[in-house]
Peer 1: 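Can you read through this structure? Questions will come right after.
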Amino acid sequence: AGITDLYELTMAAAYFATGRNPRATFELWVRDLPEKRSYLIACGLGEALDYLANMHFTSEMIGYLRDLEVFRNIGREFFEYLADFRFSGEVWAVPEGRVVFAGEPLLRITAPLIESQIVETFLMTVINFQTCVATKASRIVAAADDDGKHRPVIDFGLRRAHGPAAGVSAARAAYIGGCEGTSNVYAGKRYGIPVFGTAAHSWTMAFDTEIEAFREYHRIFPDSTILLIDTYDVRRGALNAAKIGGNLRGVRLDSGEMASQSRMVRQILDKAGLHEAKIVASGDLDEYRITDLLARRARIDSFGVGTSLVTSRDEPSLQCVYKLVEEESPDGKIIYKMKLSPEKASFPCAKQVWRVLDDRGEFRYDFVAAVDEKAPEGAERMLVRVMENGRVIGETPGIEAAREMVRSDLARLGAIYKKLRHPARYEVVFSETLKRRYNDTSQNLTAAADS
């Protein structure tokens, strides 16, 4: 629970001191889609639920907080409250792997105000980052398969991630988004993700000759040898790799003009009878460069993508927000809450998202409504209850189920929304009830401010 912003805890202390801790509902959503995104892949819920189910304040953390100057006037009762703190609320969420859009709640938290406030920072961090990476992964995977031929994409990004923890989370999100596996050994162990890797340029450079390095690696790993052939000269590297023989798994290109290089390498391998040997490409790749390589008839069978994937380099963050939408008064009455700031106003009250399909089963539009409104006929409910009384409900779907959900949802999303450049904008409709409640709540808040 210590992974948070200080203001979450100063607000918690102030709520506690004033005795203000009603049951409150917050929602997390992405305000606007980035310019280069037409959809998002919801991701991060698994880690979010694990955090909520197990969060607590250690005595060491409480001791640290008590020594901060800002808490100098806070009584011991608040710190005793933190010592017993556990999340006791209810959570509704969009399952991991679902295609989602701007303005739609991805997560709805209902709990005592202090609890629902304290969890804000962690939830935003996890959902924002993993959704960003899973979405990027889905775009890269789509680019690799654009002509109908499947070309696996592997996450190579740990060394370029913003720290080891980010690399592990990114590997999880990338796998959910469609990558075949990761180079990240810890992520493979923790999440059951397939791991891949061969050898670096330094292996080749450590030997007197390239062919000696290749033969020694193949001797040690005879069933999984993929040789990096651009340490010195790609043509010579390919010729040396071809000398290894029939069970060579493949070769890797990591630099240079890969379209023409890959065609040359394919000819060399085929001439040696190595028709099954694969050509892997890596080195500063993303969906745009992959699309360009394939358009130029590159003979590449799979891609290792690092920096652009784990940092979502072209769109490295989302406008993720977490806002109070309603409170419950002591007499059980629901009081709507909203923000009125220009360009950042939010709809009040707890919401549900409904996905309306066309007669072919493809996504037609999404309908955002208050939770007490009737669902559109035949629509899919997007937010499902995943936690009650601080405990996860039932079996939480694993990352394999999330991967399948990505495939299923993207197959039902029209092609005009999946274009890498200039995609169409998917329609998200807000109900008339929400609009009325927005206007009424806005007027009430304005009147209260003027009184």
Peer 1: If you take all heavy atoms of A134 and C43, which pair is closest and at what distance?
Peer 2: CB-CB, 3.8 Å

Peer 1: Does atom OH of Y186 have more than 12 heavy-atom neighbours from other groups under 6.0 Å away?
Peer 2: no

Peer 1: Evaluate salt bridge (charged side-chain N to carboxylate O under 4.0 Å, His left out) for R437 paired with D372, printing each intermediate quantity in order.
Peer 2: CA-CA 13 Å; R437 290 181 184 177; D372 55 355; 2.9 Å; yes

Peer 1: Ignoring hydrogens and angles, tell me if any N or O in the side chain of S169 forms a donor-acceptor pair with the backbone of A166 under 3.5 Å.
Peer 2: no

Peer 1: Angle class for the F122/Y51 ring planes (parallel below 30°, perpendicular above 60°, tilted otherwise)?
Peer 2: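 If you compare the ring of F122 with that of Y51, the planes turn out parallel.
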
Peer 1: Show the numbers, then the answer: is there a salt bridge (charged side-chain N to carboxylate O under 4.0 Å, His left out) between D155 and R172?
Peer 2: CA-CA 10 Å; D155 157 41; R172 178 185 188 276; over 6 Å; no

Peer 1: Using side chain to side chain contact (heavy atoms under 4.5 Å, CB included), reason through L52 and I109 one step at a time and then give a plain yes or no.
Peer 2: CA-CA 11 Å; L52 292 173; I109 304 284; 4.2 Å; yes

Peer 1: Run through I41, T311, L309, V310 and flag the one making a side-chain contact (heavy atoms from CB on, under 4.5 Å) with V133.
Peer 2: L309

Peer 1: Do the side chain of S312 and the main chain of K136 share a donor and acceptor less than 3.5 angstrom apart?
Peer 2: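 No; zero donor-acceptor contacts below 3.5 Å.
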
Peer 1: Measure across Y15 and I114 and return the closest heavy-atom pair with its distance rounded to 0.1 Å.
Peer 2: CB-CG1, 3.7 Å

Peer 1: If you count every heavy atom of other residues, nucleotides or ligands that lies below 6.0 Å from E77 atom CD, does the total exceed 12?
Peer 2: yes

Peer 1: With no hydrogens and no angle check, just 3.5 Å: does a side-chain donor-acceptor pair link S431 and E373?
Peer 2: yes

Peer 1: Please work out whether the ring planes of F347 and F430 are parallel, tilted or perpendicular, with thresholds of 30° and 60°.
Peer 2: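 F347 vs F430 ring planes: parallel.
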
Peer 1: Do we see a donor-acceptor contact under 3.5 Å between the side chains of D50 and N54?
Peer 2: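 The answer is yes; a qualifying pair exists.
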
Peer 1: Do you see a donor-acceptor pair shorter than 3.5 Å between the side chains of R263 and S260?
Peer 2: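 S260 and R263 do not have a side-chain donor-acceptor pair below 3.5 Å.
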
Peer 1: Sequence neighbours left out, what passes side-chain hydrogen bond (donor to acceptor under 3.5 Å, both in side chains) with T307? Give chain and number order.
Peer 2: R160

Peer 1: May I ask you to test the D286-V305 pair for a side-chain heavy-atom distance under 4.5 Å?
Peer 2: no

Peer 1: Knowing that exactly one of E104, E27, E326 qualifies, which makes a salt bridge (charged side-chain N to carboxylate O under 4.0 Å, His left out) with K351?
Peer 2: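 Only one of E104, E27, E326 forms a salt bridge (charged side-chain N to carboxylate O under 4.0 Å, His left out) with K351, namely E27.
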
Peer 1: Using the rule given for side chain to side chain contact (heavy atoms under 4.5 Å, CB included), can you reason through V406 versus I176, listing the C-alpha separation, both sets of side-chain angles and the distance that settles it, and then say yes or no?
Peer 2: CA-CA 7 Å; V406 172; I176 287 174; 4.2 Å; yes

Peer 1: Any donor-acceptor pair under 3.5 Å linking the side-chain atoms of D230 with those of H201?
Peer 2: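 Side chains of H201 and D230: pair found under 3.5 Å.
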
Peer 1: Walk me through it: do T446 and L340 pass the test side chain to side chain contact (heavy atoms under 4.5 Å, CB included)?
Peer 2: CA-CA 9 Å; T446 301; L340 294 178; 4.1 Å; yes

Peer 1: Just by modelled atom types, is the T131 backbone N or O under 3.5 Å from a matching donor or acceptor in the T135 side chain?
Peer 2: yes

Peer 1: For the CZ atom on R425, are there more than 12 heavy atoms of other groups (residues, nucleotides or ligands in this structure) within a distance under 6.0 Å?
Peer 2: yes

Peer 1: Ignoring hydrogens and angles, tell me if any N or O in the side chain of D145 forms a donor-acceptor pair with the backbone of G148 under 3.5 Å.
Peer 2: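 The answer is no, because no donor-acceptor pair under 3.5 Å joins these two groups.
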
Peer 1: Report yes or no: is the cationic atom of R412 (NZ for Lys, CZ for Arg) under 6.0 Å from the centre of the six-membered ring of F363, at an angle within 45° of the ring normal?
Peer 2: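 No, R412 does not sit over the ring of F363.
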
Peer 1: In the structure I gave you, are the side-chain heavy atoms of T4 and E8 within less than 4.5 Å of one another anywhere?
Peer 2: yes

Peer 1: Do T182 and Y191 have side-chain N/O donor and acceptor atoms under 3.5 Å apart?
Peer 2: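 Looking only at side-chain atoms, Y191 and T182 do not form any donor-acceptor pair under 3.5 Å.
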
Peer 1: So, does N128 use its side chain to make a donor-acceptor pair with the main chain of M124 at under 3.5 Å?
Peer 2: no

Peer 1: Whether the side chain of D301 engages the backbone of I279 through a donor-acceptor N/O pair (distance < 3.5 Å, no angle test) should be reported.
Peer 2: yes

Peer 1: With a 4.5 Å limit on heavy-atom distance, are the side chains of R37 and R139 in contact?
Peer 2: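 Counting from C-beta outward, R37 and R139 do come under 4.5 Å.
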
Peer 1: I'd like to know if the side chain of R364 reaches the main chain of V356, judged simply by a donor and an acceptor atom lying under 3.5 Å from each other, with no hydrogens or angles considered.
Peer 2: no

Peer 1: List the steps and the verdict of side chain to side chain contact (heavy atoms under 4.5 Å, CB included) for D314 and S308.
Peer 2: CA-CA 7 Å; D314 63 327; S308 290; over 6 Å; no

Peer 1: When you compare the side chains of R108 and T25, does any donor N or O come within less than 3.5 Å of an acceptor on the partner?
Peer 2: no

Peer 1: Is there a side-chain hydrogen bond (donor to acceptor under 3.5 Å, both in side chains) between Q352 and W354? Walk through the geometry before answering.
Peer 2: CA-CA 7 Å; Q352 178 59 266; W354 301 95; 5.5 Å; no

Peer 1: Do V368 and V429 have side chains that approach each other closer than 4.5 Å (heavy atoms only, starting at C-beta)?
Peer 2: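 No, their side chains stay 4.5 Å or more apart.
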
Peer 1: Is a donor on one side and an acceptor on the other found under 3.5 Å between the side chain of D5 and the backbone of T121?
Peer 2: no

Peer 1: Using a distance-only test with no angle check, is there a side-chain donor-acceptor pair under 3.5 angstrom linking R299 and S262?
Peer 2: no

Peer 1: Test F87 against every option in M387, R391, H56 by the side-chain contact (heavy atoms from CB on, under 4.5 Å) rule and name the one that passes.
Peer 2: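 The option that passes is M387.
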
Peer 1: Looking at H275, I'd like to know if its NE2 atom is crowded, meaning that more than 12 non-hydrogen atoms belonging to other residues, nucleotides or ligands lie closer than 6.0 Å.
Peer 2: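 Yes - once you tally the heavy atoms of other residues, nucleotides and ligands closer than 6.0 Å, there are more than 12.
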
Peer 1: Mind listing the closest non-hydrogen atom pair of F367 and P376 along with its distance?
Peer 2: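 Result for this residue pair: CD2-CG, 3.5 Å.
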
Peer 1: Would you confirm whether S346, through its side chain, and K339, through its main-chain N or O, come within 3.5 Å as a donor-acceptor pair?
Peer 2: yes

Peer 1: Once the angle between the rings of Y322 and F26 is folded into 0 to 90°, is it parallel (under 30°), tilted (30 to 60°) or perpendicular (over 60°)?
Peer 2: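 Parallel, since the angle between the ring planes stays under 30°.
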
Peer 1: Do you know which two heavy atoms are closest between V141 and C179, and how far apart they sit?
Peer 2: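 So the minimum-distance heavy-atom pair works out to CG2-N, 3.8 Å.
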
Peer 1: State, yes or no, whether a side-chain contact exists between K418 and P423 at a heavy-atom distance under 4.5 Å.
Peer 2: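 Result no, sub-4.5 Å side-chain heavy-atom pair not found.
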
Peer 1: With the side chain counted from C-beta on, respond yes when L107 and V91 share a heavy-atom pair under 4.5 Å apart, and no when they do not.
Peer 2: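 SC-SC contact between L107 and V91 confirmed.
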
Peer 1: Distance only, no hydrogens: is a donor on one side chain within 3.5 Å (strictly under) of an acceptor on the other, for E400 and Y175?
Peer 2: yes

Peer 1: Taking the side chain as everything from C-beta on, heavy atoms only, tell me whether Y64 gets closer than 4.5 Å to E60.
Peer 2: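 With C-beta onward as the side chain, the pair stays apart.
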
Peer 1: Would you say that L227 contacts T198 through its side chain, given a criterion of any heavy-atom pair below 4.5 Å between the two side chains?
Peer 2: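 Not touching, per the 4.5 Å side-chain cut-off.
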
Peer 1: Run the salt bridge (charged side-chain N to carboxylate O under 4.0 Å, His left out) check on D254 and R252 step by step: do they pass?
Peer 2: CA-CA 6 Å; D254 192 53; R252 178 161 68 99; 3.6 Å; yes

Peer 1: Mind checking whether Y365 and Y426 have ring centres under 6.0 Å apart?
Peer 2: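 Y365 vs Y426: aromatic centres not under 6.0 Å.
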
Peer 1: I'd like to know if the side chain of S341 reaches the main chain of A345, judged simply by a donor and an acceptor atom lying under 3.5 Å from each other, with no hydrogens or angles considered.
Peer 2: no

Peer 1: Give a yes or no on whether E276 atom CD has more than 12 heavy-atom contacts from other residues, nucleotides or ligands under 6.0 Å away.
Peer 2: no

Peer 1: Indicate the atoms forming the closest heavy-atom contact of Y417 with Y39, along with that distance.
Peer 2: O-CD2, 3.9 Å

